[in-house]
Amino acid sequence: MSEPLLQVRGISAYYGNIIALRGVDLEINQGEIVALIGANGAGKSTLMMTICGNPRARTGSITFDGTEITNLPTHEIMRRSIAHAPEGRHIFPRMTVFENLKMGTTGIGFDHFQEDLSRVYTLFPILESRLHQRGGTLSGGEQQMLAIARALISRPRLLLLDEPSLGLAPLVVRQIFQVLRELSKEGGLTIFIVEQNAYHALKLADRGYVMVNGAITIAGPARALLAREDVRAAYLQGGAPVN
């Protein structure tokens with residue numbers, strides 16, 4: 001069996017003297033969608049940011065495609081075919097949609113830019129019609145699409161998505177999650193998604209992890225997690241879909 005694309009072993013991280021991650025073990029195989037769920041403040045976003053090098057892991061190791069990246073600078077980590085669409089989207093509000101998308105070429109150049117533009121327009125047609133509109137004037141859903149599209153322009157092997165459904169209408173959430181499903185199943189993209197919307201995340205994912213107070217407490221196939229009574233009671237409002 002081949003090594004995981006991403007392997008996290010015994011990771012701890014701190015904010016000052018406050019421990020945020022407690023010996024986290026996690027792995028993601030090539031082509032998988034893996035979801036990390038948990039309550040607000042559980043440490044989910046911190047884990048994703050630690051993979052990207054900020055904050056730096058205090059203990060443990062992070063390996064991507066067989067190479068340890070634990071102590072690499074963030075810009076070096078991102079050049080290794082990892083893209084991060086952070087919580088809150090963080091687009092450039094004064095730049096146009098087109099200029100935001102061009103930012104995705106940082107580190108890979110413009111050789112495939114037109115080809116990749118066509119691809120993201122197919123995935124998110126609304127972006128093509130908003131091409132010369134400033135990012136800050138887009139709706140929340142359109143900004144999230146732009147953030148994902150910008151990440152895809154960098155041609156990642158691993159896409160890190162932090163709360164992509166946050167603050168969006170259910171219809172827009174379903175649209176975005178359908179695109180993620182297509183990217184994985186048809187395009188072979190590996191996706192690690194952090195979500196409070198546990199129902200949507202586990203319906204999308206192949207496997208899932210549950211985080212509580214900075215530690216992984218449950219791991220397994222996503223369908224199995226959806227069926228567990230403790231997970232349903234804690235994160236799925238008794239099993240009902242969370243909008």
Side-chain angles (χ1 to χ4, degrees), residues 4 6-13 15 18-29 31-52 55 60 84-89 140-141 144 147-148 158-185 189-243:
L6 180 75
Q7 192 169 50
V8 173
R9 287 288 175 263
I11 286 295
S12 67
Y15 291 118
I18 300 172
I19 185 166
L21 299 176
R22 304 169 184 270
V24 173
D25 291 333
L26 178 146
E27 61 185 40
I28 302 172
N29 299 312
E32 278 191 312
I33 302 178
V34 173
L36 178 64
I37 66 171
N40 188 32
K44 307 185 301 300
S45 295
T46 299
L47 175 59
M48 189 163 282
M49 292 188 295
T50 302
I51 292 169
C52 297
H84 182 207
E87 181 181 356
R89 299 179 272 279
Q144 185 63 71
I148 295 171
L158 173 63
L159 177 60
L160 308 176
L161 289 173
D162 194 352
E163 302 285 3
S165 74
L166 187 66
L168 302 184
L171 181 63
V172 177
V173 173
R174 286 193 292 271
Q175 183 180 353
I176 288 174
F177 274 58
Q178 180 56 42
V179 168
L180 297 177
R181 187 174 288 107
E182 291 174 13
L183 288 168
S184 174
K185 304 311 176 189
L189 181 62
T190 306
I191 300 173
F192 180 37
I193 182 169
V194 160
E195 260 291 344
Q196 286 191 64
N197 192 326
Y199 177 80
H200 280 301
L202 293 176
K203 288 286 286 186
L204 174 72
D206 300 297
R207 292 188 302 111
Y209 292 85
V210 178
M211 177 168 276
V212 178
N213 294 329
I216 300 295
T217 57
I218 306 171
R223 287 191 177 187
L225 295 186
L226 276 170
R228 285 184 59 136
E229 289 300 326
D230 52 350
V231 172
R232 292 164 67 89
Y235 305 107
L236 301 177
Q237 296 182 356
V242 180
N243 292 321

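The model shown is predicted, which means the values in this text are computed figures rather than measured ones. Position 1 is the first residue of the sequence, and the numbers go up from there.
- For the pair Pro4/Ile28, no side-chain contact is recorded, criterion being any heavy-atom separation below 4.5 Å from C-beta on.
- A donor-acceptor pair is defined here as one N or O able to donate and one able to accept, closer than 3.5 Å; no such pair exists between the side chain of Lys44 and the backbone of Leu36.
- Partners of Ala147 by side chain to side chain contact (heavy atoms under 4.5 Å, CB included), not counting sequence neighbours, listed by chain and number: Arg89, Ile91, Gln144.
- In this structure, the separation between CD1 on Ile193 and CG on Leu160 is 11.0 Å, given to the nearest 0.5 Å.
- Contact check for Asp230 versus Ile218: side-chain heavy atoms found under the 4.5 Å cut-off.
- Between Gly38 and Gln196, the shortest heavy-atom contact is O-CG, 4.2 Å.
- A distance-only check finds a donor-acceptor pair linking the side chain of Thr50 to the backbone of Thr46 [under 3.5 Å].
- The CE atom of Met211 sits 5.5 Å away from the CG atom of Leu21 when rounded to the nearest 0.5 Å.
- Rounded to the nearest 0.5 angstrom, Ile148 CD1 and Ile176 CD1 are separated by 5.0 Å.
- Ile33 approaches Leu180 most closely through the heavy-atom pair CD1-O, 4.2 Å.
- The salt bridge (charged side-chain N to carboxylate O under 4.0 Å, His left out) search around Arg181 returns none, not counting sequence neighbours.
- In this structure, the salt bridge (charged side-chain N to carboxylate O under 4.0 Å, His left out) partners of Lys185, at least two apart in sequence or on a different chain, are Asp206.
- Shown here are the salt bridge (charged side-chain N to carboxylate O under 4.0 Å, His left out) partners of Arg207, two or more places apart in sequence or in another chain: Glu32.
- Residues satisfying the side-chain hydrogen bond (donor to acceptor under 3.5 Å, both in side chains) test with Glu163, not counting sequence neighbours, are none.
- Among residues two or more places apart in sequence or in another chain, the side-chain hydrogen bond (donor to acceptor under 3.5 Å, both in side chains) test is passed with Ser45 by Glu87, Asp162.
- For Ala222, the side chain to side chain contact (heavy atoms under 4.5 Å, CB included) criterion is met by Leu202, Ala205, not counting sequence neighbours.
- Note: Glu229 CD to Leu236 CG = 10.0 Å, rounded to the nearest 0.5 Å.
- Each salt bridge (Lys or Arg N to Asp or Glu O under 4.0 Å) pair with one or both residues in residues 214-226, not counting sequence neighbours, would appear here, but there are none.
- Contact of the Leu6 side chain with the Thr190 side chain is not registered, since no non-hydrogen atoms from C-beta on lie closer than 4.5 Å.
- Remark: Val179 engages Leu123, Phe124, Leu183 in a side chain to side chain contact (heavy atoms under 4.5 Å, CB included) (not counting sequence neighbours).
- Taking 4.5 Å as the limit, some side-chain heavy atom of Leu226 sits within range of a side-chain heavy atom of Tyr199.
- Within the structure, every pair that satisfies the ring-ring contact (aromatic ring centres under 6.0 Å, His included) test and touches residues 160-185, not counting sequence neighbours, is listed here: Phe177-His200.
- A heavy-atom distance below 4.5 Å is not found between the side chains of Tyr235 and Leu225.
- Taking each heavy atom of Gly60 and Ile11 in turn, the nearest pair found is C-CD1, 3.7 Å.
- For Arg9, the side chain to side chain contact (heavy atoms under 4.5 Å, CB included) partners two or more places apart in sequence, or in a different chain, are Gln7, Asp25, Glu27, Ser61.
- In this structure, CD1 in Ile37 is found 13.0 Å from OH in Tyr209, a value given to the nearest 0.5 Å.
- Taking the side-chain hydrogen bond (donor to acceptor under 3.5 Å, both in side chains) definition, one finds that Ser165 meets it with Glu195, sequence neighbours left out.
- Distance check, rounded to the nearest 0.5 Å: CG of Asn197 to CG of Leu168 gives 10.5 Å.
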